[in-house]
Structures are given as C-alpha cells and as structure tokens.
There are 2 protein chains.
Amino acid sequence: MDKGSDETEWREDCSPRRILELFSTKWTSMVLHTLHALHQGRARNGVLHRSLPGISKKMLTQTLREMEASGLISRHVAGTVPPAVEYRLTELGHRFVEPVELLYDWARRNDDALDRLGSRKMRS
Amino acid sequence: MDKGSDETEWREDCSPRRILELFSTKWTSMVLHTLHALHQGRARNGVLHRSLPGISKKMLTQTLREMEASGLISRHVAGTVPPAVEYRLTELGHRFVEPVELLYDWARRNDDALDRLGSRKMRS
DNA sequence: CATGGTGGTTACCTTCTGGTGCCTATGTCC
DNA sequence: GGACATAGGCACCAGAAGGTAACCACCATG
C-alpha cells in the first residue's frame with residue numbers, strides 16, 4: 001500500500017493530522033498567503049489588516065503572536081516615532097506557503113464543486 | 001499578478017475561504033480520506049470508527065450526518081436484522097478527496113517542517 | 001481641540017467543538 | 001440468562017475559538 005492506507009500510519013500525531021491543525025484554526029493560512037502573495041514575505045500590521053476582510057484587530061494580533069511563537073513569522077519593530085511594525089515570513093514560514101497555495105489553487109480551480117457543497121451546518 | 005494577489009478576489013466568500021471550512025472543522029477530511037483510501041469509497045460505521053483513532057461515537061455520527069447533508073456521502077441501510085449501515089462517497093465526495101490527498105501527501109513529505117513547528121498554543 | 005492613523009491590550013460574551021455517559025432495539029454467542 | 005456487537009439518540013458539560021467594544025499612548029492634520 002503506497003497510498004498511506006496502512007492504519008498504523010493513522011496515529012493521533014501523524015503528519016496529516018498535524019497539518020490539519022494549521023488550517024483548522026483561524027486565519028493562519030490566510031496570513032501566510034497574504035504575506036507571500038501580496039508583499040513578498042513581509043508586511044506591516046495595518047496592511048495585513050486591510051488585506052484580510054473580516055478579521056478583527058484582536059484576531060490579527062492573536063494570530064500573528066501565535067505564528068511568531070510557532071516560528072512561521074518574525075516581528076520587526078522600526079523607529080518608535082509612529083510604532084511601525086513589520087512581520088516577515090521565516091524560512092519555515094516560506095515552506096508552509098506551499099500547502100496553502102496548493103489548497104487555494106485547487107479551490108480556485110474547483111469553485112463549481114464548492115458551489116455544490118451544502119452549507120453543512122444544520123442546527124437542532 | 002497571476003497568482004491571485006488581487007485583493008478583490010479575497011472576499012469573505014471566495015473559494016479559498018470556502019475550502020477552509022472543509023478542513024477547518026472536525027473530522028471531515030479524515031473521513032473522506034479513510035473512505036477513499038481504505039475502502040474504495042464505501043464503509044460501515046464500525047469500520048470507520050475503528051479506522052479513526054480518537055474519534056468518539058458521537059462525533060463520528062455527527063460528522064457523517066453533516067457530510068451527508070452537504071452531499072459528500074450517502075447513507076445506505078441494509079437488512080434491519082443487525083442494522084448494517086454503509087456510507088459511500090458521492091461523486092461530489094470523490095472530488096473533494098483530491099485536495100485532501102494533496103494536503104496529506106504534502107504533510108507526509110514534509111514531516112520535518114511539521115516537526116519544527118512550535119505547538120502554537122500559548123495560554124495566558 | 002477633535003479626529004484619525006499607528007499598534008496594540010483588555011474584558012466580556014457567544015458560539016462551536018467535542019467529550020462522556022446512558023438509553024434504545026435486535027440478534028447471536030457462551 | 002448475561003454479555004457483546006451493531007447503529008445510533010439524547011443530555012450534559014467543559015473549554016476553545018473568535019467576535020465586539022473600549023481603552024492605551026503617540027503624533028499629525030484640519
């Protein structure tokens with residue numbers, strides 16, 4: 001079985017499950033994408049905020065802090081005059097751009113399939 | 001820019017954001033994968049349960065119900081004797097196997113990057 | 001002086017996620 | 001008869017995710 005069909009590979013800490021954590025939560029993948037596509041791996045807080053419609057200041061900050069903690073981005077504070085902060089993709093961050101783009105590209109090519117998907121939320 | 005860097009493409013309902021909903025939540029992608037890889041698109045409840053270490057009965061049922069509601073799988077009840085239920089990937093479900101495998105394959109090839117990722121959870 | 005932009009922080013609140021446990025009903029095995 | 005499996009349902013509960021709103025300090029503009 002060369003397609004990962006071995007059940008022993010399906011432990012709780014296997015690679016597939018770990019990558020899910022990246023997408024599972026919040027805005028992380030969108031920040032990765034934005035940093036990569038729009039700004040060559042670096043951008044300031046305000047720019048990111050404006051590039052991600054719908055995100056709140058709190059969530060942006062929180063996401064950036066978490067990404068910094070996990071080593072995906074680095075934070076650079078410039079002259080204190082008007083506190084200018086720039087975030088940059090780390091080398092590790094650059095690597096994780098690939099799966100993000102893989103997925104986003106697929107989505108763009110298959111929006112018809114996405115259209116056919118029910119909302120999958122059913123209350124009560 | 002040919003890489004989707006146009007900000008107007010980044011609306012709240014764009015394809016990339018919609019595909020995220022599939023991965024974002026729960027066990028959906030793992031059920032898709034299991035159904036596809038282990039059982040050629042069809043499997044019974046108990047088999048799925050045993051193939052997904054860590055899932056609870058409640059979450060399995062709930063996930064299957066949601067996937068049925070969104071059209072990814074179909075439910076087939078056999079003879080009522082011992083209620084044998086089989087779930088099958090629909091044609092739409094088969095399409096969504098592709099991005100799942102794309103992502104899982106990447107993860108398997110890049111487990112070193114995943115190892116280098118911090119846990120990204122930082123409480124208070 | 002009031003407003004707005006920079007880059008945050010904090011408190012509060014709601015929703016969603018997901019877990020356990022116990023119940024059903026049937027049939028078979030020991 | 002009692003245990004087990006198959007396939008759930010339902011109640012209860014904890015915690016995480018994530019949103020809103022208000023606040024901070026600083027500077028510039030009108």
Side-chain angles (χ1 to χ4, degrees), chain A residues 12 17-18 20-31 34-35 39 42-70 73-88 118-124, chain B residues 12 17-18 20-31 34-35 39 42-70 73-88 118-124:
Chain A
E12 308 241 5
R17 292 206 186 189
R18 280 189 292 165
L20 284 184
E21 290 176 35
L22 224 179
F23 290 92
S24 272
T25 27
K26 61 203 92 196
W27 302 83
T28 310
S29 70
M30 286 188 262
V31 171
T34 304
L35 235 26
H39 310 280
R42 50 181 62 192
R44 293 181 52 178
N45 185 309
V47 175
L48 285 173
H49 194 207
R50 282 184 292 276
S51 300
L52 293 167
I55 197 173
S56 67
K57 275 175 14 152
K58 192 194 92 168
M59 285 315 298
L60 214 213
T61 306
Q62 185 177 311
T63 305
L64 291 170
R65 292 280 174 284
E66 288 171 359
M67 293 175 69
E68 195 190 354
S70 42
I73 59 173
S74 55
R75 202 178 111 104
H76 305 268
V77 185
T80 17
V81 198
V85 181
E86 190 178 73
Y87 294 95
R88 300 178 195 160
S119 69
R120 139 213 86 280
K121 290 301 169 202
M122 31 185 245
R123 275 299 126 243
S124 121
Chain B
E12 308 240 7
R17 291 205 186 189
R18 280 189 292 165
L20 284 184
E21 291 176 35
L22 225 179
F23 290 92
S24 272
T25 26
K26 63 204 90 198
W27 301 82
T28 309
S29 70
M30 285 189 266
V31 172
T34 303
L35 234 25
H39 309 281
R42 50 182 63 193
R44 294 181 54 178
N45 185 308
V47 174
L48 285 174
H49 194 208
R50 282 184 292 276
S51 300
L52 293 167
I55 198 173
S56 66
K57 280 186 353 165
K58 193 194 91 168
M59 285 314 299
L60 214 212
T61 306
Q62 185 177 312
T63 305
L64 291 171
R65 291 281 173 283
E66 288 172 359
M67 292 175 70
E68 193 189 357
S70 42
I73 58 174
S74 55
R75 200 178 112 105
H76 304 268
V77 185
T80 17
V81 199
V85 180
E86 189 179 72
Y87 295 95
R88 299 178 195 160
S119 70
R120 143 212 84 281
K121 290 298 167 204
M122 34 184 243
R123 273 301 128 240
S124 128

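Only heavy atoms go into these numbers, but all of them, side chains included; no hydrogens, no water, no symmetry mates. By convention in this document, chain letters (A, B, ...) are assigned in the order of the sequence lines, proteins followed by strands, and residues within each chain are numbered from 1.
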May I have the distance from [X] (atom [atom1]) to [N] (atom [atom2]), rounded to whole angstrom?
X	N	atom1	atom2	result
A:E21	C:dT17	CD	P	16 Å
A:L60	D:dG18	CG	C1'	13 Å
B:R50	D:dC4	CZ	P	16 Å
B:M59	D:dG9	CE	C1'	15 Å
B:L52	C:dG19	CG	P	11 Å
A:L22	D:dA17	CG	P	13 Å
B:L20	D:dG18	CG	P	11 Å
B:I55	C:dG18	CD1	P	9 Å

Inset, instruction - Kindly write out the residues that satisfy side chain to side chain donor-acceptor pair (under 3.5 Å) with A:H49, not counting sequence neighbours, or none if the list is empty. - result: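 Partners of A:H49 under the side chain to side chain donor-acceptor pair (under 3.5 Å) test: none.
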
Legend entry - Base versus backbone protein contacts along nucleotides 7-14 of chain C [heavy-atom cut-off under 4.0 Å; B, S, -]: BBSBB---

Inset, instruction - Find the distance between OH (B:Y87) and CG (B:L64) and round it off to the nearest 0.5 Å. - result: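 Between atom OH of B:Y87 and atom CG of B:L64 there are 5.0 Å.
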
Legend entry - Sequence-distant partners of B:R17, salt bridge (charged side-chain N to carboxylate O under 4.0 Å, His left out), two or more places apart: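 For B:R17, the residues satisfying salt bridge (charged side-chain N to carboxylate O under 4.0 Å, His left out) (neighbours in sequence not counted) are B:E12.
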
Inset, instruction - Sequence neighbours left out, what passes salt bridge (charged side-chain N to carboxylate O under 4.0 Å, His left out) with B:R75? Give chain and number order. - result: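 By the salt bridge (charged side-chain N to carboxylate O under 4.0 Å, His left out) rule, B:R75 matches no residue at all.
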
Legend entry - Listed partners of B:S24 passing side-chain contact (heavy atoms from CB on, under 4.5 Å), at least two apart: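 Per chain and number, B:S24 pairs via side-chain contact (heavy atoms from CB on, under 4.5 Å) with B:L20.
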
Inset, instruction - For A:T61, enumerate each residue passing the side-chain contact (heavy atoms from CB on, under 4.5 Å) test, keeping only those at least two apart in sequence or located in another chain. - result: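 With sequence neighbours excluded, A:T61 shows a side-chain contact (heavy atoms from CB on, under 4.5 Å) to A:R65, given in chain and number order.
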
